[in-house]
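To start, the structure under review is shown below, and the notes come after it.
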Amino acid sequence: MADETVTSSDIASLLGISQTAVNKMISKASDFPTPVIERPNFRAWRRPEVEAWLRQHRPGALEG
């Protein structure tokens with residue numbers, strides 16, 4: 001689905017790491033995709049954008 005979104009929790013599950021580690025990764029990455037939904041204590045990103053970023057910055061992270 002082109003419009004599918006993911007949260008930091010979804011990204012953590014996808015990568016097999018903690019949500020804290022995901023939030024740290026996102027905060028350190030100046031080029032991480034911009035959230036499409038941003039509210040207090042909740043952010044969501046377009047899944048294809050996040051997957052493209054992960055393929056570029058964490059090769060192999062989506063395999064498995």
Side-chain angles (χ1 to χ4, degrees):
M1 259 186 242
D3 292 341
E4 185 178 354
T5 60
V6 290
T7 64
S8 57
S9 178
D10 297 326
I11 297 167
S13 293
L14 187 66
L15 298 176
I17 62 176
S18 71
Q19 192 169 348
T20 300
V22 169
N23 290 331
K24 187 182 237 184
M25 176 184 72
I26 291 168
S27 70
K28 288 183 173 186
S30 62
D31 62 342
F32 197 81
T34 302
V36 292
I37 301 170
E38 191 160 14
R39 297 187 181 123
N41 301 315
F42 181 83
R43 294 180 291 178
W45 297 264
R46 286 185 181 91
R47 184 181 188 106
E49 292 177 6
V50 170
E51 289 179 350
W53 187 91
L54 289 169
R55 279 192 289 278
Q56 181 179 2
H57 295 279
R58 294 187 61 147
L62 298 177
E63 299 170 8

To the nearest 0.5 Å, tell me how far F32 CZ sits from E49 CD. 9.5 Å
Which residues pass the side-chain contact (heavy atoms from CB on, under 4.5 Å) test with Q56, not counting sequence neighbours? none
Tell me yes or no: between the side chains of T20 and N23, is some donor less than 3.5 Å from an acceptor? no
Grab the two heavy atoms, one from R43 and one from P35, that are nearest each other, plus how far apart they are. CD-CG, 4.1 Å
With sequence neighbours left out, what residues match S13 under side-chain contact (heavy atoms from CB on, under 4.5 Å)? none
Do you know which two heavy atoms are closest between S8 and Q19, and how far apart they sit? OG-NE2, 2.9 Å
Who passes side-chain contact (heavy atoms from CB on, under 4.5 Å) against R58, sequence neighbours left out? L15, I17, M25, L54, A61
Exactly one of T5, I11, T34 should register a side chain to side chain contact (heavy atoms under 4.5 Å, CB included) with W45. Which one does? I11
Within this structure, what is the CD-CD distance for the pair E51 and E4, rounded to the nearest 0.5 Å? 8.0 Å
Quick check: is V22 connected to L62 through a chain of hydrophobic side chains (ILVMFWY, heavy atoms under 4.5 Å apart)? yes
